[in-house]
Amino acid sequence: MMLAYSHLKQIIPALNERALTPADFYNIANAKSIDVCEMKLKKRGYHAFAGGEDFVFIKKTLRGLKWLETAFHELFHAATSCPVDYLHERQQREATALALIALIPLAQLADYAFLEENPTRHAFWLFKERQKVYFLYGV
Amino acid sequence: MIKFFFRSNLIEMRFSEWLTTYRKEAEVSQKKLAFELEKRGYQISDAQISNYEREYDKDKDGNPTRPPERFVELTAQILNRPIDEARAAAGYNSQNNPTLPPQIRINDFDGFDDDDLNDIAEYIAFKKSQKEKAQ
């Protein structure tokens with residue numbers, strides 16, 4: 001996890017300094033030549049690796065925090081994972097943790113600013129998960 | 001639609017039976033299973049696990065509702081059973097989905113869906129053909 005974090009920090013210096021935005025997402029995807037496709041999906045998102053290229057698929061109807069959470073989760077799969085066979089628990093947890101760091105930087109964790117900006121149940125759940133990441137990895 | 005009681009050639013067992021049998025075999029109580037799931041980031045009560053075992057929740061047609069994929073996969077991990085076996089018992093497709101070409105590797109966010117995988121395979125094939133044309 002920390003290796004993936006350091007690797008990402010080199011690519012995205014703003015990671016954990018400020019909350020990343022959809023513009024950041026597209027900048028990183030462009031820089032890493034990741035094909036992003038928003039399409040009609042039943043599940044929230046996928047990352048695919050085929051013919052040496054990475055693809056990120058995001059459900060078209062997602063908005064706000066759910067869009068960001070899914071987008072960064074899948075993007076971090078592309079940025080940190082070597083191609084592996086289907087669901088790999090460790091990589092899933094890693095991508096989730098990194099997406100939480102992208103959404104909620106450490107400063108916003110300390111002063112609860114994130115919850116003030118997003119007073120929803122899903123945001124509260126994300127915040128709790130982000131606290132766990134901080135507790136486990138100290139970032 | 002594939003129902004909860006779907007039987008595949010992988011396993012001849014309903015998910016409720018599968019869960020009860022292998023949970024008891026692994027000597028894991030419902031409470032302990034709920035605790036282990038929570039440790040892996042999946043919130044569930046022991047009462048809900050009991051509901052799955054008793055097929056308590058029914059859909060509008062009276063069939064037992066299918067437990068979430070994440071629950072099925074994590075439970076299989078905890079009980080040291082093959083994930084495909086648990087997925088088949090719950091009526092989900094195998095993770096090694098035959099609809100997706102083998103050269104495509106895929107990670108999900110919250111589970112896989114057949115239609116999604118077909119659309120993704122089509123999109124990738126389309127992109128590949130476009131690239132070949134350009135060359």
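Proteins come first, then strands; the chains are lettered A, B, ... in the order of their sequence lines, and each starts at number 1. Hydrogens, waters and symmetry mates are skipped; everything else that's a heavy atom, side chains included, is used.
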Taking atom OH of B:Tyr56 as the centre, does the number of heavy atoms from other residues, nucleotides or ligands within less than 6.0 Å exceed 12?
-> no
Hey, is NZ on A:Lys60 packed in by over 12 heavy atoms from elsewhere, all under 6.0 Å?
-> no
Close side-chain approach of A:Arg18 and A:Gln108, heavy atoms under 4.5 Å =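 A side-chain contact under 4.5 Å is absent here.
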Ring centroid separation for B:Tyr52 and B:Phe71, is it under 6.0 angstrom?
->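 Distance test on ring centres: under 6.0 Å, yes.
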Looking at A:Phe72 versus A:Trp67, is the centre-to-centre ring distance below 6.0 Å?
-> no
Chain A heavy atoms under 4.5 Å from B:Lys128: which part of the residue, side chain, backbone, both or neither?
-> neither
Chain A contact via B:Asp115 - side chain, backbone, both or neither, heavy atoms under 4.5 Å = side chain
Most chain B-contacting option - heavy-atom pairs closer than 4.5 Å, from A:Lys132, A:Arg44, A:Met39 =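 The residue among A:Lys132, A:Arg44, A:Met39 with the greatest pair count is A:Arg44.
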Answer with side chain, backbone, both or neither: which region of A:Lys59 has an atom nearer than 4.5 Å to a non-hydrogen atom of chain B?
-> neither
Go through the atoms of A:Glu53 and report whether side chain, backbone, both or neither lie under 4.5 Å from a heavy atom of chain B.
->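 For A:Glu53, the contact with chain B is made by the side chain alone.
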